[in-house]
Amino acid sequence: MFVLSENDTSVLEMPKCIYLNFQCINKILSIAENREKDKSNIAFDFSNTIWIDAEATPFLGVLVQNFQDQNLNIYAKLPENQNVVKILEKNGFLFTYGLSKKRLADVYGTTIPYSVLNSRNDDEIDEFLENRVFKLIHQHIKKDEIEIIRDAVNEISHNVKDHSTQSLLYFCGQFYPSKKHIALTLTDNGITIPKKIKHKFTSKLAKSDFDLIEWATGHGNSTKNVASSGLGLFDIKSNIEGIGELTILSNYGYWEQKSDGTKNHHTLSSPYPGTLICLKFLTYDHENRIHSPENDIMNTTENLLF
């Protein structure tokens, strides 16, 4: 809990439930954008929050970092609902920002901890994937899909390293046994996909941000003069179809693809200061999962980057 002067604190009242969907993200970004900007303290008020998806914490982490970069002080008002507190203490989000001294043990083995990684340190990323991600999820999805995750995360981190003005990656995930899916979120707080595309292609200046994300996930599209090795957004999008969902959030653009290939595009009312990618894999026993030989073969013939 915090005790702050109301005269110098801008309170951001968090929603009742925090999910990585358009409605919730748009609401939180709007709250952050429309805050009282003459205050030196920012208080995230979770008083009325009764649930938070753990994989949404990197999204909040980027907002925290963005405020800290403006030399603002960050505080949190935790809810009486202990389920929310336990989620944030178990994945280490509160501990990372000094908002709680507790870091609860992951008794059930379902938490991929909240971590801030250096995109320029490949060894740190590899160690995190091996010891914090794959050890937890390997028994719930197929071996080939482990490799899809590895390549996807590596490619996203390399894109951040190559394109972004920042070097930090914010990562977290959660395994939901009852819902039979695994959610992994990776984000940065640097230059966004739409801004990068508009900088390189002046012909696309009039395009909406979600249209530019759609372009970035298209076959053969890249903002690089020379393609690099590994999976690109097109391959990630193609490989996850039938076995999971992909969400991309960048600047004013919100883009998502469901497991059946259905896409949803939205324009945010306030910009997200980075690029966020969430991979949601259906576990092998999920009734909506599509089983086909195409899901067992990684499409590594393309070298595409956003």
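Counting from 1, the numbers follow the sequence of the chain as shown.
Between Val62 and Tyr272 there is a side-chain heavy-atom pair separated by less than 4.5 Å. With contacts defined as side-chain heavy-atom distances shorter than 4.5 Å, the pair Trp255/Asn264 does not qualify. Side-chain contact between Glu55 and Cys172 is absent, with no heavy-atom pair separated by less than 4.5 Å. Looking only at side-chain heavy atoms (C-beta outward), Lys39 and Thr9 stay at 4.5 Å or farther from each other. Residues Tyr170 and Asn189 have side chains in contact (heavy-atom distance under 4.5 Å, counting atoms from C-beta outward). Counting only heavy atoms from C-beta outward, the side chains of Ile18 and Thr49 approach each other to under 4.5 Å. Between Tyr176 and Asp53, some side-chain heavy-atom pair lies under the 4.5 Å cut-off. Thr185 is listed as a side-chain neighbour of Leu20, based on a closest heavy-atom distance under 4.5 Å.
Distance alone, capped at 3.5 Å, is enough to place a donor-acceptor pair between the Asp260 side chain and the Thr262 backbone. Distance alone, capped at 3.5 Å, places no donor-acceptor pair between the Ser10 side chain and the Arg35 backbone. Without hydrogens or angle criteria, Asn21 side chain to Cys24 main chain gives a donor-acceptor distance under 3.5 Å. Between the side chain of Lys237 and the backbone N or O of Thr217, at least one donor-acceptor pair lies under 3.5 Å. A distance-only check finds no donor-acceptor pair linking the side chain of Glu89 to the backbone of Phe95 [under 3.5 Å]. Distance alone, capped at 3.5 Å, is enough to place a donor-acceptor pair between the Ser100 side chain and the Lys102 backbone. Side-chain N or O atoms of Gln68 include none that pairs as donor or acceptor with a backbone N or O of Ile74 at under 3.5 Å. Between the side chain of Asn48 and the main chain of Pro15, no donor-acceptor pair closer than 3.5 Å is present. Judged by distance alone, with hydrogens and angles left aside, the side-chain atoms of Asp188 form a donor-acceptor pair with the main-chain N or O of Thr275 at under 3.5 Å. Using a distance-only test at 3.5 Å, with no hydrogens or angles considered, a donor-acceptor pair links the side chain of Lys37 to the main chain of Glu33.
Ion pairing between a basic and an acidic side chain is recognised when a charged N comes within 4.0 Å of a carboxylate O; Glu256 and Lys258 show such pairing. With salt bridges taken as basic N to acidic carboxylate O contacts below 4.0 Å, one links Lys263 and Glu214.
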Inset, instruction - Start with the C-alpha gap between Phe281 and Ile240, add the side-chain angles, then the distance that decides, and say whether side-chain contact (heavy atoms from CB on, under 4.5 Å) holds. - result: CA-CA 8 Å; Phe281 283 82; Ile240 203 169; 4.2 Å; yes
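The salt bridge (Lys or Arg N to Asp or Glu O under 4.0 Å) check on Lys198 picks up Asp209, with sequence neighbours excluded.
Here the CZ atom belonging to Phe134 is positioned 11.5 Å from the CG atom belonging to Leu136, to the nearest 0.5 angstrom. Here the CG-CG distance, from Leu246 to Leu233, works out to 7.5 Å after rounding to the nearest 0.5 Å.
By the rule that hydrophobic residues join a cluster once side-chain heavy atoms approach within less than 4.5 Å of another member, Val64 and Val84 end up as members of one cluster.
Exactly one residue among Tyr114, Phe59, Phe128, Phe93 makes a ring pair (Phe, Tyr, Trp, His ring centres under 6.0 Å) with Phe171. That residue is Phe128.
Defined by atom type and a distance below 3.5 Å, a donor-acceptor pair is missing between the side-chain atoms of Asp235 and Ser238. Side-chain contact, Ser269 with Asn26: a donor N or O sits under 3.5 Å from an acceptor N or O. Counted by atom type alone, Gln174 and Thr110 present one or more donor-acceptor pairs between their side chains at under 3.5 Å.
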